Protein chains: 4
Amino acid sequence: MPAHRPGAAGDPAPARRSRRHDPGRRDRLIDATLRVIAERGVAGTTHREIARAADVPLGSMTYHFGSLDEVLAEAFTRHAEAAAKVFDERLGAATDRDSAIEAVITLVRDDLLGSPDDLVLAVELYVAAARNPALRAVTQGWMQRSRRALERHFDPTTAREVDALIEGLVLHSALSTDPMTPDQIRHAIERYLR
Amino acid sequence: MPAHRPGAAGDPAPARRSRRHDPGRRDRLIDATLRVIAERGVAGTTHREIARAADVPLGSMTYHFGSLDEVLAEAFTRHAEAAAKVFDERLGAATDRDSAIEAVITLVRDDLLGSPDDLVLAVELYVAAARNPALRAVTQGWMQRSRRALERHFDPTTAREVDALIEGLVLHSALSTDPMTPDQIRHAIERYLR
Amino acid sequence: MPAHRPGAAGDPAPARRSRRHDPGRRDRLIDATLRVIAERGVAGTTHREIARAADVPLGSMTYHFGSLDEVLAEAFTRHAEAAAKVFDERLGAATDRDSAIEAVITLVRDDLLGSPDDLVLAVELYVAAARNPALRAVTQGWMQRSRRALERHFDPTTAREVDALIEGLVLHSALSTDPMTPDQIRHAIERYLR
Amino acid sequence: MPAHRPGAAGDPAPARRSRRHDPGRRDRLIDATLRVIAERGVAGTTHREIARAADVPLGSMTYHFGSLDEVLAEAFTRHAEAAAKVFDERLGAATDRDSAIEAVITLVRDDLLGSPDDLVLAVELYVAAARNPALRAVTQGWMQRSRRALERHFDPTTAREVDALIEGLVLHSALSTDPMTPDQIRHAIERYLR
DNA sequence: GATGAATGAGTATTCATTCAT
DNA sequence: CATGAATGAATACTCATTCAT
């Protein structure tokens, strides 16, 4: 295409350099992927949709990623990492059992139920993982990491059980038209941990 | 076409006759749908796949169902009904709090975790419901019904909480490579209910 | 189906006789066909659509007609006949050249442009005829009959020319967002015939 | 790709190379669409048929056009433009009323009735426009443009009326087994314009 | 006689991926 | 290095027609 004409000669630093070098693009594509999954589900996450969300040409997708599965795996990994980090930080900041319990409550009420997108992402990851071994590794890493974080304050059995409880509370609240109130969440967790 | 009436005499039941008349086909299609969902997920559940599973021509699908969503809704409704029935029966047979607790344990360990397909179906329904209002009604009916069953033996708050716990235990076990042992399941539930 | 049980014995004149004998049905189907063509075009006229419009079971269509083309041909024939009859009557009632001119004006303004459905039917018939010889016979019969009617008052050349003019006026008015006013119609016809 | 300019040297122009690169394909698809409409009508104009006519894979259609309606609209627009151009040119070349009348006669006899395909295209467009607003815009533009061209030589009322007459003459001739002779066409138009 | 069920061919459209430029 | 174009397989859905009851 003529519009490309790379400078006949002595063409000094063209002002509008298009996007020949765009180092953050791969990154932006992964973020866009998470947005698309949240909005349309894994089943509705296509090369086209991601490219549109990130405002890059379609061809860019397969240039940066070998396959759609690869994109999904990277996106979910990034998401899980971010979620686990919050988990770690909340519990890391707790100094005793009581403040750890408060941390768990905050975690469920604010971090998990507070951002509907994260919630959707979690459930989407669960199903996708059921059929995609690469994603299963992601969920397992995530589970393990949250369990480790809980074990800083609770014995392993309690940690595991409360982890499951958290999962159930989140899922129920996510799908119910009549989700639990913050007080009900607190009650459920305290009953288990106090 | 000679002899459409098989069985005149020593005629060993032809395996696959022309199926022009096939009562119960609609029913079989719904069952086939559940099998396909369990095997390939909602995303992999297509008209073609269901028709193949039921050994029926493709055109038959859209004759019996107005849309794929309709098929999914009917299939999940049937599944939820069956699951809720087991729930009701287990808890209906319990006579006191102690036997109710045993019923819950059996429910989780045997009925839910015992049949991996049912487990997958549950999770698939969760995600599908996140984007399909018709399915949301199914999940909600199911949730409500199990809560009612639990309320025959426990107060409403406990019923709701334990229902969430069950959900979490099932989900965690479903997705973990290192699922909880039966004893761990019993421990988690007893801790909550005793 | 058990509901059919045709009377065990001496079952005297069942009150709700369903529709076993329905002599007008074929007729109603043809009328329904014309309604469907007007509403959805020949391309959108299917067995199903006609059956729905006439509120009869789908199977009834192929019971009464050998093919969809047959239905279309009968429907268009009936329509053309009715239209030609109006044409004949209007011009038959005219006693001299002047009243014949008035008849033509009324024909275009009231009969043709007055009922949008008839107009659509005419154009639909034109295109359908372009590819269906059976329908071509219908259009030709119609054309001839209107020409004969015009020839009762005008010489053959004029009859033919004014027939074409009528066609053009109708078509233009039908497709324009800015259709001719009644006065413009009158003007165009009088210019030609006076 | 070697030698797109045939005739470099005894290179017998390979009949059908891989068409991975094929500029102008979109254009050829539009032309093919017009051919298909002329041959099989709008109702018979499918993605497949167009792709076959243009010798292009099916997937190519929906790559280049968002929907079949879009293809139809583009095709009819192109056709209307070409037809209007001829109209403009014929009338533009006329210097007085007499030569303008001759131009109209030539237009109908040669340009419109002379190419049966164009005639079919016109009628097809009419019906399609009845149900497709995008196409209605095309017909209206076309109508307006021809009226403007006529108004260069005739007063607005006459222009409008003769435009309708032309339409009717064309339509009648198109559908009749006994179409008007060139002399009859001339007679009809002269009667109106002289 | 009348009809619900059945079916195969066809429809528009989507999409992961490949490839020439 | 980056991308627009290309493509074949798949998807949901429609429908004329056939047929067993």
Side-chain angles (χ1 to χ4, degrees), chain A residues 1 4 18-22 25 43-51 56-71, chain B residues 1 4-5 17-23 25-26 43-51 56-71, chain C residues 1 4 6 18-22 25 43-51 56-71, chain D residues 1 17-26 43-51 56-71:
Chain A
M1 230 172 294
H4 255 268
S18 81
R19 276 174 313 193
R20 285 310 292 233
H21 191 55
D22 181 359
R25 174 173 291 191
T45 299
T46 67
H47 276 141
R48 282 164 165 73
E49 215 62 49
I50 299 168
V56 305
L58 174 57
S60 197
M61 285 302 299
T62 43
Y63 175 73
H64 285 289
F65 303 94
S67 75
L68 195 53
D69 274 3
E70 194 183 313
V71 189
Chain B
M1 232 175 300
H4 240 300
R5 267 176 323 97
R17 237 163 317 139
S18 136
R19 277 184 309 282
R20 281 309 295 228
H21 184 57
D22 180 4
R25 173 178 289 194
R26 218 187 112 93
T45 300
T46 67
H47 277 139
R48 279 170 157 71
E49 216 61 50
I50 299 168
V56 143
L58 178 56
S60 197
M61 285 301 302
T62 44
Y63 173 74
H64 285 289
F65 304 95
S67 73
L68 195 53
D69 273 3
E70 193 181 314
V71 189
Chain C
M1 230 172 295
H4 253 267
S18 80
R19 278 173 311 192
R20 284 311 291 233
H21 190 53
D22 180 1
R25 174 171 293 189
T45 299
T46 66
H47 277 142
R48 283 165 166 71
E49 215 62 48
I50 299 168
V56 305
L58 174 57
S60 197
M61 285 301 299
T62 44
Y63 176 73
H64 285 289
F65 304 94
S67 75
L68 194 53
D69 274 1
E70 195 182 313
V71 188
Chain D
M1 226 177 303
R17 235 159 320 132
S18 139
R19 277 183 310 280
R20 280 311 295 228
H21 185 57
D22 179 3
R25 172 176 291 192
R26 218 189 112 95
T45 299
T46 66
H47 276 140
R48 278 169 159 71
E49 217 60 51
I50 299 168
V56 141
L58 176 56
S60 198
M61 285 300 301
T62 44
Y63 174 74
H64 285 289
F65 304 94
S67 73
L68 194 52
D69 273 2
E70 194 183 312
V71 189

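In this text the structure is predicted, and so the values were computed from the model without any measurement. Each chain gets a letter, A, B and so on, in the order the sequences are listed, and its residues count up from 1.
Taking a pair as Watson-Crick or G-U wobble with both distances under 3.5 Å, DNA chain E forms stems of 3 or more consecutive pairs at E:2-21 with F:2-21.
Scored by the salt bridge (charged side-chain N to carboxylate O under 4.0 Å, His left out) test, D:R48 finds no partners at all (sequence neighbours excluded).
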Q. Which letters describe nucleotides 9-14 of chain E, given B = protein heavy atom under 4.0 Å from base, S = only from sugar-phosphate, - = neither?
A. --BSBB
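Applying the 4.0 Å criterion to OP1 and OP2 of F:dA6, one finds that D:H64 has a side-chain N or O inside that range. Within the structure, every side-chain polar atom (N or O) of D:R26 is placed at least 4.0 Å from both OP1 and OP2 of F:dG4. Here A:S60 reaches the OP1 or OP2 of F:dT3: one of its side-chain N or O atoms lies under 4.0 Å away.
The two atoms that bring D:L68 and D:T45 nearest to each other are CD2-O, 3.5 Å, heavy atoms only.
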N/O donor to acceptor pairs below 3.5 angstrom from side-chain atoms of residues 58-67 of chain B, sequence neighbours left out:
residue : atom : partner : partner atom : Å
B:S60   : OG   : B:R25   : NH1          : 2.7
B:T62   : OG1  : B:G59   : O            : 3.4
B:S67   : OG   : B:D69   : N            : 3.4
B:S67   : OG   : B:E70   : N            : 3.2

